[in-house]
Amino acid sequence: MKKVIICSISIGLVLLLGITALVLALIPVNKNSVIEKPNAVYIINEVTWDTTQQYYDLMDYKDDGNGNKKDQPKIDEIFRLFNSSFGQNALTALFRGQLNEKMEQNYSSSNKTDINKNSSSTTAFTVYFQYKEMRKIVVDGKEYEYNILFFEVAENDSFEIKNFGTIKVSDTDPYAPPSTLTRSTPTSYKSYYTARADFSGLYDYINEIVNAAYGK
């Protein structure tokens, strides 16, 4: 009888562990809940840099002549892939020791950090999100406004910590491309987000639409 009870308890524990593992495998964690969908997207790499404009752009207001926003589907897909780059299930995060990680908001008052434009690269892009209205990063109770957020997307990417620089650009036209887009120097920032993500899927989509736009 004692052996039967012990066996039943063991089986129960195994089932409980199995159910727990299954539940954890279904629970998404560390997803993006801070960075919002942009109104405009600018993309730079060697292909775009060799054009007159120097960047590939998408605007949510552009009409195709039939009342349809022609760029909106691409902006939506870019943002969908952007969001899917962050998530991992709770079980994986637990084994990696990343269960409690989340997107952090930072500010460096002592020095600026740069993000390369990748204007000479065919295996990486720099992506700029532009917003019609100002967004805010809050660090130690202090607010820092921005309407441009930018980051790098690489071909052979992996799930690692990324920086998302932000800058405030003042212009009467909320869709005016920031002047940093056509400068040869990297874009500097002081306020920024950090989070773990893998942008390989986003890279594939951006590479496809940029090359299609320029006949590559």
Side-chain angles (χ1 to χ4, degrees), residues 17-38 41-48 56 58 73-108 112-131 135 137-139 144 146 148-167 186-211:
L17 287 172
I19 293 170
T20 301
L22 178 61
V23 171
L24 288 174
L26 296 174
I27 298 175
V29 295
N30 305 334
K31 295 186 73 66
N32 171 43
S33 60
V34 178
I35 298 173
E36 299 177 63
K37 183 164 67 175
V41 177
Y42 305 97
I43 300 167
I44 294 175
N45 83 331
E46 186 182 78
V47 173
T48 72
Y56 176 79
L58 299 166
K74 291 178 182 177
I75 293 175
D76 290 344
E77 182 63 5
I78 284 173
F79 193 63
R80 185 190 72 80
L81 291 168
F82 175 82
N83 280 333
S84 67
S85 302
F86 293 90
Q88 60 178 323
N89 64 62
L91 184 62
T92 301
L94 179 64
F95 281 112
R96 289 176 173 174
Q98 301 167 359
L99 189 59
N100 294 321
E101 286 188 358
K102 60 181 180 179
M103 186 170 289
E104 296 183 357
Q105 304 181 55
N106 307 279
Y107 183 82
S108 175
K112 290 185 177 181
T113 309
D114 296 330
I115 286 183
N116 195 316
K117 284 191 173 66
N118 288 298
S119 57
S120 299
S121 176
T122 56
T123 58
F125 295 91
T126 301
V127 180
Y128 293 76
F129 284 178
Q130 185 175 38
Y131 300 93
R135 300 295 190 266
I137 281 183
V138 181
V139 181
Y144 303 94
Y146 70 91
I148 304 290
L149 178 142
F150 52 103
F151 55 97
E152 293 182 88
V153 175
E155 180 179 22
N156 298 316
D157 201 10
S158 59
F159 198 65
E160 59 188 8
I161 295 293
K162 308 288 196 304
N163 284 0
F164 305 86
T166 67
I167 55 175
T187 305
S188 300
Y189 61 93
K190 283 193 171 184
S191 58
Y192 61 102
Y193 296 100
T194 57
R196 197 178 297 274
D198 177 356
F199 288 131
S200 53
L202 178 58
Y203 171 87
D204 289 342
Y205 180 70
I206 288 176
N207 191 53
E208 176 186 336
I209 61 174
V210 167
N211 287 335

Flag side-chain contact, heavy atom, 4.5 Å: Y189 against Y107: no

Output side-chain donor-acceptor pairs under 3.5 Å for residues 73-80, partner residues at least two apart or in another chain, one line each.
from	atom 1	to	atom 2	distance (Å)
K74	NZ	Y56	OH	3.4
D76	OD1	K37	NZ	2.9
D76	OD1	Q72	NE2	2.8
E77	OE1	R80	NE	3.0
E77	OE2	R80	NH2	2.8

Side-chain heavy-atom pair N211, V47 within 4.5 angstrom cut-off: yes

Contact check, side chains of F129 and V41, non-hydrogen atoms, under 4.5 Å: yes

CG on D204 to CG on L81, rounded to 0.5 Å: 9.0 Å

Which residues share a salt bridge (Lys or Arg N to Asp or Glu O under 4.0 Å) with D198, sequence neighbours left out: none

Side chain to side chain donor-acceptor pair (under 3.5 Å) between T194 and N163, intermediate numbers included: CA-CA 5 Å; T194 57; N163 284 0; 5.3 Å; no

Aromatic plane relationship, F82 with F151 - under 30° parallel, 30 to 60° tilted, over 60° perpendicular: tilted

Exercise: identify the closest heavy-atom pair between I167 and S188: CG2-O, 3.3 Å

Separation between CD1 of I35 and CG of N83, rounded to the nearest 0.5 Å: 8.5 Å

Distance in Å, F164 CZ paired with Y193 OH, rounded so as to fall on 0.5 Å steps: 10.5 Å

Any donor-acceptor N/O pair, Y131 side chain to E36 backbone, under 3.5 Å: yes

Verdict with reasoning, K162 to F199, per side-chain contact (heavy atoms from CB on, under 4.5 Å): CA-CA 10 Å; K162 308 288 196 304; F199 288 131; 4.1 Å; yes

Side-chain touch R135/T166, heavy atoms, less than 4.5 angstrom: no

Closest non-hydrogen atom pair, P186 against K117: C-NZ, 4.0 Å

CZ on F150 to CD1 on I115, rounded to 0.5 Å: 5.0 Å

Distance, nearest 0.5 Å, that separates CD of E155 from CD1 of I206: 13.0 Å

Heavy-atom closest pair, residues S191 and Y144: CB-CB, 4.1 Å

Whether Q105 side chain and V138 backbone form a donor-acceptor pair below 3.5 Å: yes

Point-to-point distance, once rounded to the nearest 0.5 Å, from CD1 of I44 to OG of S121: 12.5 Å

Min side-chain heavy-atom separation D157-Y203 under 4.5 Å: no

Donor-acceptor under 3.5 Å (T126 side chain, N116 main chain): yes

Within-4.5 Å side-chain heavy-atom neighbours: N207 and F125: yes

Nearest heavy-atom neighbours spanning F86 and M103: CE2-CE, 3.6 Å

